[in-house]
Each structure stands twice: as C-alpha cells, then as structure tokens.
Amino acid sequence: MAKKYWLFKAEPHIYGIDHLAAAPDKIGRWDGIRNYQARNFLRDQVALNDEVFIYHSSCKNVGIVGTAKVVKTAYPDPTQFNPESDYYDPKSTPENPRWVSVDIKLTKVFPRLIALAEIKAQPRLENMILVKQSRLSTQPVTVDEWKLINDLL
DNA sequence: GCCAACGTTGGC
DNA sequence: GCCAACGTTGGC
C-alpha cells in the first residue's frame, strides 16, 4: 500500500515536539485521542512508515513544527485504563478497548514554525482539513498538501 | 477570556 | 430517533 500522510495535533505544553525529541530513540506514544473520527483514522488507516506532520495547537504560536513517521500501528491506549490519568475512560475495558495509540519517531524538526496563518494564506491549501474543520486531532493530508507545505520552508 | 463549531448526553 | 442542553476544542 502506498505511503500515506497525516497531521497530528498536540498541545505542546502537554506533549509536543520537544517531548518527542527528548524521548529514547525519539520515539513517543501518541495517546489521549478521545474523538471517534480521529480514533478511526488511527485504528483503521495509519500504517507503518506513514509520515506525520506534528502540529502544535492551543498555544501562542500554532502551526506545524516538524515531521515524524509511524513506527508502531494502533494498539490499546493504556491511559484509558488508568484512573489517575486525565484520559481515563471508565467505560473502556481491556477486553473491549475503546481508544488506541500509535508510536511515532521524530524525523525532522523544522527550522521554523509553519504557522496556521501561513497555511491559510495559501490558496492551494484551502481544502486542507486543518483549514476547513478546526476540530479534528488526527487527520489525513494529501501528497500534494504534504509537498506544498514542505516547500514553504 | 470570548465565542463559533462541533461532539456528547439524556429525556422523551 | 429527535433534539435541547451542555461540554470541549481551538483560534483569536
């Protein structure tokens, strides 16, 4: 199957590109996704070696900060079973887990932020899900969008 | 902090 | 299954 491209959002003060960069082998678990549409992408479509834009949301400078690749496909998100976690879901059980995580490895830290405003200013990016639907924390990116954004650097 | 857009819950 | 009320996301 052809390689696919994604955009994953994170709040950088909770888990951002700096956390990934500091992790062993720069590999981190992408957890805490609690939206069914986003979960379905993770569970059903995100494949090994797919490439991912890391996006920082809900912060001073929102935008894309780097790239990663998928090194482990969907498995039950352990935080859903942990009552201490903000992501605890009492309705989820190990026998029938509701939420999934994937592992990604940081591949590139962009030399500068590609701001959301800059993306919105590109007519050829006007159909990006990021632009059209603000509330989706994992979302597909087309090959063309992937290339265009990399060319902005 | 505000607010628009969207998702979830729960009564009926 | 509908829909109102409420909660959350996320940009500004």
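All figures in this text were calculated on a predicted structure; none of them were measured in a lab. Lettering of chains follows the sequences in order, A, B, ..., and the numbering in each one begins at 1.
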> Within this structure, what is the CD1-to-C1' distance between A:Ile33 and C:dT9, rounded to whole angstrom?
12 Å

> Quick check: do A:Arg39 and A:Trp99 have side-chain heavy atoms less than 4.5 Å from each other?
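A side-chain contact under 4.5 Å exists here.
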
> Using a 6.0 Å distance limit plus a 45 degree cone around the ring axis, check whether A:Lys72 lies over the aromatic ring of A:Tyr75.
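Relative to the ring axis of A:Tyr75, which defines the angle, A:Lys72 lies inside both limits.
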
> Would you mind reading off the distance between A:Asp89 atom CG and B:dT9 atom P, rounded to a whole angstrom?
9 Å

> Between the protein and nucleotides 10-12 of chain C, list the N/O to N/O atom pairs that are separated by less than 3.5 angstrom.
residue : atom : partner  : partner atom : Å
C:dG10  : OP1  : A:Lys9   : NZ           : 3.3
C:dG11  : OP1  : A:Tyr55  : OH           : 2.6
C:dG11  : OP2  : A:Ser58  : N            : 3.0
C:dC12  : OP1  : A:Lys120 : NZ           : 3.0

> In whole Å, I'd like the distance from the CG atom of A:Asn35 to the C1' atom of C:dG7.
14 Å

> Please name the residue in the list A:Lys69, A:Lys108, A:Lys3 that meets the side chain to side chain donor-acceptor pair (under 3.5 Å) test with A:Glu51.
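Answer after filtering A:Lys69, A:Lys108, A:Lys3: A:Lys3.
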
> Between B:dG7 atom C1' and A:Trp99 atom CH2, what is the distance in whole Å?
11 Å

> Taking only Lys NZ, Arg NE, NH1 and NH2, and the carboxylate oxygens of Asp or Glu, determine whether A:Asp31 and A:Arg29 approach each other closer than 4.0 Å.
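A salt bridge links A:Asp31 with A:Arg29.
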
> Output all residues satisfying salt bridge (Lys or Arg N to Asp or Glu O under 4.0 Å) with A:Arg124, sequence neighbours left out; order by chain, then residue number.
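In terms of salt bridge (Lys or Arg N to Asp or Glu O under 4.0 Å), with neighbours along the sequence ignored, A:Arg124 is linked to no residue.
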
> Quick one: A:Arg98 CZ to B:dT8 P, roughly how many Å, whole number?
10 Å

> Please step through side chain to side chain donor-acceptor pair (under 3.5 Å) for the pair A:Trp30 and A:Asp103, ending with a clear verdict.
CA-CA 6 Å; A:Trp30 212 256; A:Asp103 288 354; over 6 Å; no

> Ignoring backbone atoms, test whether A:Gln133 places a side-chain nitrogen or oxygen under 4.0 Å from the OP1 or OP2 oxygen of B:dA5.
no

